Structures are given as structure tokens and as C-alpha cells.
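The structure appears below as C-alpha cells.
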There are 2 protein chains.
Amino acid sequence: MPRGHRRGGGPRHRWGRRMRIVEPMLLLLMAKKSAHGYGLVEQLASVFGLLELPPQTVYRALQGMEDSGWITAKWDMDAGQGPPRKVYSITSEGLSALQNWADEMEMLRGMLDAFTSHYRKLNE
Amino acid sequence: MPRGHRRGGGPRHRWGRRMRIVEPMLLLLMAKKSAHGYGLVEQLASVFGLLELPPQTVYRALQGMEDSGWITAKWDMDAGQGPPRKVYSITSEGLSALQNWADEMEMLRGMLDAFTSHYRKLNE
DNA sequence: TTTGACTATTGACAAAATGTGAATAGTATC
DNA sequence: GATACTATTCACATTTTGTCAATAGTCAAA
């Protein structure tokens, strides 16, 4: 088991068909800075190019991660530009989940590289 | 729309949360050589590192792609090492679906690269 | 000759994830 | 006070996955 052994919490699905990418990206953004849902939706688009993502998906993911203890939320009443916001911060468990996920992202990367190189060979 | 505009058939979901990788990989393998399901399960593991993938997932994906017209199947009775096999071949529609998917895979790659570089910065 | 290991595919049903449309609500601007 | 923008949540139908198991042919050993 050279890499990717799990520390603490984190994703424990053995995937193969579809991989979540929203959760690790959200965790990464929150690891940088606490933020509210709406702002995170915008960051997903601007930082990662994750456009066309329904906000509900993000709010739902945040809810799930809160339930898992990876993030905590605090209401920020009177935030200025609109209704109250829920500001999310990453926990230490969230950090270790992020680390596990980063490992999986790298695994996925390896698969994509394999795909690309085989695909190129096909079109030679 | 600089890249990724769609030709013919292909995936038409606007994803953002989870991305299929089994289908494009299967299409790529079949573009190289017709094969039966069981053999494809093994190739997914050996070529792409897609271990721990329940065979049902693969058979299900194959069924779906057959329904979409991306592949065709023929029974190979008396194949030698076991019960009859269904041998799948890619169609021209399957080839164009593969091309669309390759574009999406590259988009995903871009996102993963963004993730990785931000993640590294975090751990500096 | 029947048992077990391996090859090969399919079915059914519960559980989980997504898609979709909308409701709710505060602030700011015209 | 109408409209646009910010911000979050709910509900329900649909789709996808997970899981367990059924079916079945070949081959080799006991």
C-alpha cells in the first residue's frame, strides 16, 4: 500500500464509475478561507471552471459535509448585500478528509493520463 | 465555444458533480479491439488501474451503450474457456461518442490540474 | 463423477444521488 | 413598490448505484 492509505475521516467509497469532485474542491476552498455557500458557488466556477453547476448541488454537498463533521457553519446576520449567510469553516476532520480526497484525485489523474495516452495512440 | 462542441452522438449531461469514466474507457478499449464483457473488466483493471470495479457495473454500462447504438453485440457460442460470450464492437456512432467524451475527459483534467496546484500551494 | 475453481452474463430490489421547479427572504436601486 | 440581485432551503420524481444472488458452461483434480 504505497500511497493512499487513509488517515482519519474521508471518502470511503470504492468508486470506479463516477467520482465526486465538488466535495474536495469545496474543502480546498474552505481550507484557504471560510466562506458562505453563494460565494463558494462562484469560486467553483472561477477557480476550477465548474460552470453550469446548480447551486442546490453545492448547498446539498455543504449540508452533507456538515453532517459528516468536515465543516461547521455559523450564521452571519446582517452580512451587507442580502439576506443572512451561513459561513462555513473547515474542521480538522475536514482537513484529513481533504487529504484523502487529494489522494483519490491523483489516482483519477493517473487514469486520465492513461486514457489520454491510449487515445492519442489510437488517432495516430 | 473553443473546444468540445459536439459532433454526432455522445454524452449529453452537463455534469459537474460526478463524471463517468467507465464508458469512455470501455469505448476506447473497444475502438482498439472488439472484446467481451469479462475481458473488458480485466482490461479496465490492467490498462487503467480501475480495480475493485464490480462486473455488474461494466455489464450495465455495456448494456446502456448498446441501447445507445454505440456498440453492437454478437454471441460467440463455444468460445473455449467457458459459457458463451457476448462480443462487443464499437460502431461509428460509438467512435464519435468517444471523441466527445475525450473532450470532457480533458476538461476534467484541467479541473484536476487546478485542484492539484491549489492543493500544493496550501501545503507549502 | 461430482466437487470446486474459474469463466461469463443477467436480474431484482433497496438505497442513494440527481434533476427540476419553486418557495422564502433580505438588500439595493430605479 | 417593482425589479434585480444576493442567499438558502424544500419537496418530489427520476436516475444511478449498491448488493446479493441466480444461472451456466468448461476444466481439472479427487
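Protein chains get the first letters and strands the later ones, always in sequence-line order, with residue 1 at the start of each. Bear in mind that the values here come from a model prediction, so they are computed numbers and not experimental data.
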Using the ring of each side chain (for Trp, its six-membered ring), is A:Trp70 parallel, tilted or perpendicular to A:Trp101, with breaks at 30° and 60°?
perpendicular

Starting from [atom2] on [N], measure out to [atom1] on [X] and report it in whole angstrom.
X       : N      : atom1 : atom2 : result
B:Leu53 : C:dT9  : CG    : P     : 14 Å
A:Gln43 : D:dA7  : CD    : P     : 12 Å
B:Ile21 : D:dT16 : CD1   : P     : 17 Å
A:Met77 : D:dT6  : CE    : C1'   : 15 Å
A:Glu42 : D:dA7  : CD    : P     : 7 Å
A:Leu50 : C:dT18 : CG    : P     : 12 Å
B:Asp67 : D:dT15 : CG    : C1'   : 15 Å
A:Gln63 : C:dT18 : CD    : C1'   : 16 Å

Steps toward side-chain contact (heavy atoms from CB on, under 4.5 Å) verdict (B:Phe115, A:Met25):
CA-CA 7 Å; B:Phe115 178 87; A:Met25 286 174 174; 4.1 Å; yes

Whether B:Arg20 and B:Glu23 form a salt bridge (side-chain N of Lys/Arg under 4.0 Å from carboxylate O of Asp/Glu) is what I want to check.
yes

Nearest-0.5 Å distance, CZ of residue B:Arg60 to OG1 of residue B:Thr57
6.0 Å

First locate atom CE of B:Met111, then atom OG1 of B:Thr116, and finally report the distance between them rounded to the nearest 0.5 Å.
13.0 Å

Could you check if a side-chain atom of A:Val41 sits within less than 4.5 angstrom of a side-chain atom of A:Leu50, using non-hydrogen atoms only?
no

From the candidates C:dT7, D:dT9, D:dA7, the one with an atom nearest any side-chain atom of B:Arg85 is C:dT7

Of the nucleotides C:dT10, D:dT8, C:dA8, which has the atom closest to the B:Trp75 side chain?
C:dT10

Donor-acceptor check, side chain of A:Thr91 to backbone of A:Gly69, threshold 3.5 angstrom: yes or no?
yes

Check whether any side-chain N or O of B:Arg20 sits under 4.0 Å from OP1 or OP2 of D:dT17, and answer yes or no.
yes

At under 4.0 Å, does any side-chain N or O of B:Tyr59 touch on OP1 or OP2 of C:dT10?
no

Where along nucleotides 20-30 of chain D does protein come under 4.0 Å, by heavy atom, of base (B) or sugar-phosphate alone (S), with - for untouched nucleotides?
BB--BBSS---

Look at the side chain of B:Arg60 and the base of D:dG18, then say whether one donor and one acceptor between them are separated by less than 3.5 Å.
yes

